[in-house]
> 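First the structure, which I've put down as C-alpha cells, then a few questions once you've had a look.
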Amino acid sequence: MNDKNLLGSSFEISLRILLMLNELPDFALDDQQISAIDFIAVYAADFNILDENLHGYGSYRFSEYPSRIQKVSVALKRLVLDGDILFAPNKRGYAYKISSSGRTKTKALYGTYSEEYKIAVRAVTSNYDIFNEGTMLKAINQHTLRSLQEVINE
C-alpha cells in the first residue's frame, strides 16, 4: 500500500513537520519535541489552547501518540533524504531545521487546514516551553490517562 495515500501516514506527518519547522525557522528541534508539538497542535482544544481540534474528538485519539512517534521518525528520515530538512547532532541525538528546499515546498501547502495547523503550532509555542519536552509529554500523558478513565466510565 502506498504510504502517500493514507491519512495519518508518515507522509501526512512529513507535511505537517514542514509546516511546523517553517513556522519555527529559528529553532532546531529533536524528534521528541517535534512529536509532542505536532500532537498537541492537532488536538489543541483538548489542551485548552484553541477552540477546536484539527483532527476531531475520537474516543481513542490519545492512543495515537505512541504510533505517531514512529511515524515522525520515518517522516524525518524521508525529509532529510529529500533535502527538505537539515539535521545536526546534539547531546540527545539529532535536531532538525527546515532547509531552503523545505521552505519552497511549504509555499505549495496552503489552504484552511495548513493555516489552522500553523496557528495551532504558534499556540503550542505560546503555551509550552517547546525545549522542555518533558512538560509537553507530561501534559500528553495526563490527557491520555483522563481519556482512558472517561472510556472506562462510559
Side-chain angles (χ1 to χ4, degrees), residues 1-90 92-133 135-137 139-140 143-144 147:
M1 195 175 275
N2 186 346
D3 191 38
K4 292 183 181 181
N5 294 326
L6 299 174
L7 291 175
S9 68
S10 60
F11 176 74
E12 179 189 357
I13 290 173
S14 71
L15 298 177
R16 288 200 310 268
I17 291 170
L18 284 176
L19 290 168
M20 175 196 308
L21 294 178
N22 196 53
E23 279 301 298
L24 307 171
D26 298 327
F27 302 115
L29 302 172
D30 67 27
D31 57 340
Q32 290 182 349
Q33 292 164 319
I34 290 169
S35 296
I37 293 167
D38 179 61
F39 188 80
I40 294 170
V42 166
Y43 295 111
D46 289 319
F47 292 89
N48 299 313
I49 59 176
L50 289 177
D51 293 334
E52 294 291 326
N53 285 339
L54 287 172
H55 290 191
Y57 298 89
S59 297
Y60 300 103
R61 61 192 175 276
F62 288 102
S63 65
E64 291 176 25
Y65 189 70
S67 68
R68 184 174 300 218
I69 294 168
Q70 180 183 14
K71 291 177 186 176
V72 165
S73 178
V74 170
L76 288 168
K77 289 174 190 172
R78 177 179 290 148
L79 290 167
V80 168
L81 290 173
D82 290 345
D84 295 328
I85 62 174
L86 307 170
F87 73 103
N90 67 14
R92 298 182 313 177
Y94 294 100
Y96 302 89
K97 290 184 78 157
I98 194 161
S99 69
S100 59
S101 169
R103 278 192 289 279
T104 300
K105 286 186 180 175
T106 61
K107 291 177 184 173
L109 301 175
Y110 58 88
T112 304
Y113 180 87
S114 61
E115 291 305 315
E116 289 178 1
Y117 182 76
K118 291 188 286 187
I119 290 167
V121 166
R122 289 191 299 269
V124 173
T125 62
S126 295
N127 286 276
Y128 289 91
D129 175 3
I130 62 170
F131 293 103
N132 183 351
E133 70 275 355
T135 302
M136 292 186 290
L137 292 175
I140 292 167
H143 281 79
T144 301
S147 73

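Quick note: numbers below take in every heavy atom, side chains included, and nothing from hydrogens, waters or symmetry partners. All figures in this text were calculated on a predicted structure; none of them were measured in a lab.
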> With a 4.5 Å cut-off on side-chain heavy atoms, are Leu54 and Tyr43 touching?
no

> Working to the nearest 0.5 angstrom, can you tell me the gap between Ile13 CD1 and Leu18 CG?
12.5 Å

> How long is the gap from CZ on Phe27 to CD1 on Ile98, to the nearest 0.5 Å?
14.5 Å

> Could you check whether any side-chain N or O of Ser99 sits under 3.5 Å from a backbone N or O of Gly102, counting only pairs where one atom can act as donor and the other as acceptor?
yes

> Once you round to the nearest 0.5 Å, how far does CE of Met136 lie from CG of Asp129?
7.5 Å

> Do the side chains of Val42 and Arg68 get nearer than 4.5 Å, heavy atoms only?
yes

> Could you state the interatomic distance from CG (Asp84) to CG (Asn22), rounded to the nearest 0.5 Å?
11.0 Å

> Go through the steps for Tyr117 and Glu23 under the test side chain to side chain contact (heavy atoms under 4.5 Å, CB included), then give the verdict.
CA-CA 10 Å; Tyr117 182 76; Glu23 279 301 298; over 6 Å; no

> Is the side chain of Asp31 donor-acceptor paired with the backbone N or O of Val72 at a distance under 3.5 Å, no angle test?
no

> Are Gln33 and Asp30 side-chain neighbours, meaning at least one heavy-atom pair lies under 4.5 Å?
yes

> Check whether any side-chain heavy atom of Lys105 sits under 4.5 Å from a side-chain heavy atom of Leu109, and report yes or no.
no

> Evaluate the ring planes of Tyr94 and Phe87, with Trp represented by its six-membered ring, and classify them as parallel (under 30°), tilted (30 to 60°) or perpendicular (over 60°).
perpendicular

> Just checking His55 against Phe39, ring centres under 6.0 Å apart?
no

> Side chain of Ser35, backbone of Ile69: donor and acceptor closer than 3.5 Å?
no

> Mark yes or no for whether Asn127, through its side chain, and Ala123, through its backbone, hold a donor-acceptor pair below 3.5 Å.
yes

> Partners of Glu115 by salt bridge (charged side-chain N to carboxylate O under 4.0 Å, His left out), sequence neighbours excluded?
Lys118

> Would you give the length of the straight line joining atom CG of Leu79 to atom CG of Leu21, rounded to the nearest 0.5 angstrom?
8.0 Å

> How far apart are the C-alpha atoms of Val80 and Tyr96, what are their side-chain angles, what is the distance that settles it, and do they pass the side chain to side chain contact (heavy atoms under 4.5 Å, CB included) test?
CA-CA 9 Å; Val80 168; Tyr96 302 89; 3.9 Å; yes

> Go through it in stages, so that I can follow the logic: the residues are Met20 and Leu29, the test is side chain to side chain contact (heavy atoms under 4.5 Å, CB included), and I'd like the CA-CA distance, side-chain angles, deciding distance and then a yes or no.
CA-CA 10 Å; Met20 175 196 308; Leu29 302 172; 4.3 Å; yes

> Where do Ile49 and Val124 land on the side chain to side chain contact (heavy atoms under 4.5 Å, CB included) test, with the steps shown first?
CA-CA 7 Å; Ile49 59 176; Val124 173; 3.7 Å; yes

